[in-house]
Structures are given as C-alpha cells and as structure tokens.
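Working notes for the structure below.
FYI, the numbering just counts along the sequence from 1.
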Amino acid sequence: MSAKLGPRLDITLVGDWGNANFHMIVGWLAAHLRWRSAPRSKFTLRTGTGYRDNIDLVGLGEADLAITTPRHIGTSWPRAGLHFYSGRAYPYLMTLGFLPQDDRLTLAVRADTGITSFADIRERRYPLKLATPFRDENNLTSYAIDLVLKYHGIDPEDLKRWGGGFIEHDHPRLSIPRAISGEANAVFNEAIMVPQWYELVDKVPMRFIPMEEDVLARLRADYGLVPAVLPKGRLKADRDIACLDWSHWTTVVRDDMPEELAYLITSIMVEERGEMERRFNHLPVERSPMTYPIDPYTMWQGIGAPLHPGAARYYREHGYMK
C-alpha cells in the first residue's frame with residue numbers, strides 16, 4: 001500500500017564533496033522524501049566540507065538541512081559562535097538526531113623517524129610532513145589539529161621552519177596515501193576506518209603518537225573537545241593511544257523548519273534505517289564508516305543542539321523518548 005503523499009516540497013540538503021558518506025545520507029533522505037511528497041517536489045543536494053560551509057548554508061537560510069560532525073562540538077560551537085565558528089553565531093540551529101559513527105582524530109608517524117611523542121617532535125624540531133585535511137576557513141578538523149599541536153608546544157608554523165609542513169587534501173582517502181607514497185612522513189587525520197589507513201599501516205611501519213594527558217584535559221576544559229582512545233591492536237597500534245573523539249554524523253536544521261517536515265524527515269531516519277544499515281553491515285563494524293545498528297532510542301541524545309520539536313514529537317509518539 002502506498003504511503004500517503006504529503007505536500008509539494010522544495011528542500012535543499014547539504015552533504016559532503018559529493019562522493020562520500022554525507023552525500024549518501026542526504027541522497028537517502030531526498031529519495032524517501034520524494035516518495036512521500038507530492039509530484040514535482042524539488043530536491044537540491046549541495047556539496048560542502050561537512051563543516052563551516054554546511055553550517056553557514058543552513059544558518060543563513062540557503063539550505064534546510066546539513067550533515068556535520070563530530071556530535072559534541074559540531075553544533076554547539078556554531079550555535080554559540082565559539083572558536084572555529086567565532087564571529088557569527090547561529091543560536092537557532094537545531095537537530096533531528098544523529099547517525100552513529102565511531103571515529104578518532106589521531107597522529108601517526110613513520111616509525112623510521114624515531115619519533116615516539118609530541119615532546120620528541122618539539123625537542124628535536126623534527127621536520128614532519130603531515131598529511132592533513134585542507135588548512136582553510138572551512139575545515140574544522142585542521143582547526144582541531146592546530147589546537148593539538150599548539151597545546152603540545154608546537155606552533156604549526158614551526159613545522160615549516162623546521163623543514164616540514166602540511167600535505168593537504170580534504171578527503172582522507174586521498175590524503176592518507178600521501179604517506180604511503182613517501183610524500184608525507186606522518187598522517188594527522190580522522191576516518192580511522194577507511195581502507196587507506198589499513199593500507200598505510202600494512203605497507204609502512206607507523207607509530208601512533210599519544211596526546212598528553214594534561215593537554216587533553218586542557219582541550220576539554222577550554223574547548224569541550226572529548227578525549228578518546230585508539231585501542232591497542234586497532235590499526236596495529238602497539239598500545240592504547242590517547243587521542244580525540246571525532247564521532248557521529250549530526251543533522252542540522254533551523255528552528256523555523258515546519259514541524260511536520262521535521263517530523264517527516266525524522267520518520268525516514270528511523271523507519272528507513274535498515275536501508276542505510278545495509279550499505280555498511282557487510283563490513284566488520286570497526287571498518288565500517290557508519291556504526292550499525294542505528295538505535296532510535298539513543299540517536300537523539302548527546303547532541304550539542306536542541307532537538308527540533310517535530311523530531312521530539314516523532315521520538316515520543318513512537319516510544320523512543322520518555
């Protein structure tokens with residue numbers, strides 16, 4: 001039996017560069033919105049980095065929904081206009097929930113450098129050539145990488161003065177191979193589940209560098225960044241590696257999204273979650289970009305933005321929220 005068709009929609013959704021997981025998510029949402037909306041509805045998918053440009057497009061009213069990460073700062077910082085998002089606050093940003101993803105932001109160096117700690121880099125003034133995301137105004141990951149370096153006493157410009165620097169590309173699948181080819185001698189990035197991380201540690205002896213305890217404590221106190229661990233054995237790590245959490249894909253909307261539309265999109269995220277899970281559950285969970293299963297009882301929790309009333313109504317009516 002066909003679902004009852006809703007009104008005609010004209011909606012803009014923002015994903016990633018066009019060939020990765022955020023675009024898969026907005027395409028999935030657009031498809032199911034199309035099947036539940038009146039004929040000649042219009043669905044526009046826009047590309048972005050997942051960070052500042054995604055947030056700005058929603059915040060400025062040029063888009064209706066975007067995906068961002070990580071869950072804990074991806075929406076709280078732009079709502080307050082803090083840190084990476086300083087200068088323009090969007091206090092009216094809300095969320096419909098998140099899709100689960102287990103990720104870390106971590107540093108790995110070639111073992112033949114002899115580097116075992118951030119202190120080694122600092123004291124030896126080692127010319128690290130880091131494969132990282134683009135260092136521009138749109139990339140939150142690079143902003144966090146710079147914070148980690150600075151809190152360890154290393155100015156990012158020091159790396160250049162010491163003969164190193166940054167080998168940049170936004171997409172981890174294109175950035176990490178720079179260390180396989182030898183163009184870079186270290187990787188500072190996220191997306192620890194992508195095949196390129198595994199290819200790197202299989203082909204090149206690498207050492208993961210733990211972030212210092214006091215640095216992680218200060219980053220949490222000053223910025224709300226959440227410490228995490230890359231467990232021993234994962235990516236051939238020789239011990240538990242202290243690093244930063246970079247998990248979960250969060251939906252971002254405005255508070256002026258019609259309640260019925262927010263309810264509808266949330267219903268798709270929950271009721272059609274099996275389709276999204278099937279895109280990933282052929283992979284071992286630690287190698288899956290999305291952590292499965294999607295849990296409607298938790299997917300609305302722990303986000304740095306309030307839940308849209310339409311989403312909250314859906315979760316409550318269906319017993320996922322008490």
Side-chain angles (χ1 to χ4, degrees), residues 13-16 20-30 32-33 48-52 54-55 57-59 63-80 85 90 92-105 140-141 144 190-193 224-226 228 244-255 257 261-281 285 288-316 318 320-322:
L13 311 166
V14 192
D16 50 51
N21 297 300
F22 290 4
H23 236 62
M24 183 191 305
I25 294 167
V26 296
W28 166 62
L29 294 176
H32 286 279
L33 283 169
T49 62
Y51 299 122
R52 185 190 299 276
N54 288 37
I55 294 294
L57 286 168
V58 174
D64 301 285
L65 179 147
I67 311 297
T68 193
T69 196
R71 174 182 61 175
H72 58 292
I73 62 169
T75 52
S76 61
W77 283 10
R79 275 178 53 82
Y85 293 101
Y90 300 118
Y92 42 82
L93 293 180
M94 307 191 88
T95 185
L96 307 180
F98 72 89
L99 298 178
Q101 186 226 17
D102 181 31
D103 202 1
R104 303 290 181 268
L105 179 61
L140 177 60
T141 311
E190 41 94 37
I192 59 169
M193 73 297 296
L225 291 165
V226 175
L244 287 177
D245 183 72
W246 213 253
S247 298
H248 305 309
W249 302 329
T250 303
T251 56
V252 185
V253 299
R254 292 186 309 279
D255 61 5
M257 173 177 275
L261 178 57
Y263 186 100
L264 175 61
I265 298 173
T266 306
S267 75
I268 291 168
M269 292 171 60
V270 173
E271 295 165 15
E272 306 298 339
R273 65 189 187 276
E275 177 187 337
M276 184 57 68
E277 290 168 352
R278 286 190 292 275
R279 297 174 187 237
F280 298 103
N281 61 17
V285 70
S288 173
M290 189 187 80
T291 305
Y292 52 83
I294 298 167
D295 182 2
Y297 290 94
T298 61
M299 64 190 291
W300 51 270
Q301 299 182 28
I303 304 171
L307 200 59
H308 191 286
R313 179 162 64 88
Y314 180 86
Y315 291 118
R316 278 196 309 271
H318 290 79
Y320 300 119
M321 177 191 295
K322 295 182 180 179

- Backbone N/O of V226 and side chain of D245: donor-acceptor pair under 3.5 Å: no

- Query: Is there a donor-acceptor pair under 3.5 Å between the side chain of R273 and the backbone N or O of V270?
  - Reply: yes

- T291 vs V285 side-chain heavy atoms within contact, under 4.5 Å: yes

- Going by the angle between their ring planes, with limits at 30° and 60°, are W300 and Y315 parallel, tilted or perpendicular? tilted

- Item | Contact check, side chains of L225 and I73, non-hydrogen atoms, under 4.5 Å | yes

- Would you sort out whether R52 and L140 count as a side chain to side chain contact (heavy atoms under 4.5 Å, CB included), showing the intermediate values? CA-CA 7 Å; R52 185 190 299 276; L140 177 60; over 6 Å; no

- Message: Tell me if a side-chain donor or acceptor on E277 pairs with a main-chain N or O of I294 at a distance below 3.5 Å.
- Response: yes

- Note on the structure: Only one of T251, T250, T75 passes side chain to side chain donor-acceptor pair (under 3.5 Å) with T95, and that residue is T251

- Are any non-hydrogen side-chain atoms of H308 and M257 less than 4.5 angstrom apart? yes

- Item | Distance (rounded to the nearest 0.5 Å) between L105 CG and W246 CH2 | 5.5 Å

- side chain to side chain donor-acceptor pair (under 3.5 Å) between Y51 and T141: does it pass, once the steps are laid out? CA-CA 9 Å; Y51 299 122; T141 311; 2.8 Å; yes

- Task: Would you name the heavy atoms of S247 and D103 that are closest together and state the gap between them?
- Result: OG-N, 2.9 Å

- Query: Within a strict 4.5 Å, meaning less than it, do heavy atoms of the N21 and M290 side chains meet?
  - Reply: no

- Task: Evaluate the criterion side chain to side chain contact (heavy atoms under 4.5 Å, CB included) for residue pair I67 and H23; output intermediate values, then yes/no.
- Result: CA-CA 9 Å; I67 311 297; H23 236 62; over 6 Å; no

- Do we get R71 above F98's six-membered ring, with its NZ or CZ under 6.0 Å from the centre and within 45° of the axis? yes

- Item | Under 3.5 Å donor-acceptor, R279 side chain and G274 backbone | no

- Task: Hey, can you tell me if Y297 and Y320 have their rings parallel, tilted or perpendicular (30° and 60° cut-offs)?
- Result: perpendicular

- Query: If only atom types and distance count, is the side chain of S267 paired as donor or acceptor with the main-chain N or O of L264 below 3.5 Å?
  - Reply: yes

- Item | Any side-chain heavy-atom pair of I25 and L99 under 4.5 Å | yes

- Query: Taking only residues two or more places apart in sequence, or in another chain, which ones meet R313 in a side chain to side chain contact (heavy atoms under 4.5 Å, CB included)?
  - Reply: E259, E260, Y263, R316, E317

- Item | Donor-acceptor under 3.5 Å (D16 side chain, F22 main chain) | yes

- Message: Does S288 form a side chain to side chain contact (heavy atoms under 4.5 Å, CB included) with Q101? I'd like the steps, not just the answer.
- Response: CA-CA 8 Å; S288 173; Q101 186 226 17; over 6 Å; no

- Task: Could you check whether the rings of W249 and F280 sit parallel, tilted or perpendicular, using 30° and 60° as the cut-offs?
- Result: tilted

- Task: Would you check, one step at a time, whether the test side chain to side chain contact (heavy atoms under 4.5 Å, CB included) holds for W77 with I55?
- Result: CA-CA 10 Å; W77 283 10; I55 294 294; over 6 Å; no

- Item | Beyond-backbone contact of L96 with M269, side-chain heavy atoms, under 4.5 angstrom | yes

- Task: Report yes if the side chains of P289 and M24 come closer than 4.5 Å at any heavy-atom pair, otherwise no.
- Result: no

- State whether the side chain of D255 and the backbone N or O of L93 hold a donor-acceptor pair below 3.5 Å, judged by distance alone. no

- Can you find a side-chain donor-acceptor pair between E275 and H32 that sits under 3.5 Å? yes

- Query: Taking the side chain as C-beta and beyond, is there a heavy-atom pair between L261 and D64 under 4.5 Å?
  - Reply: no

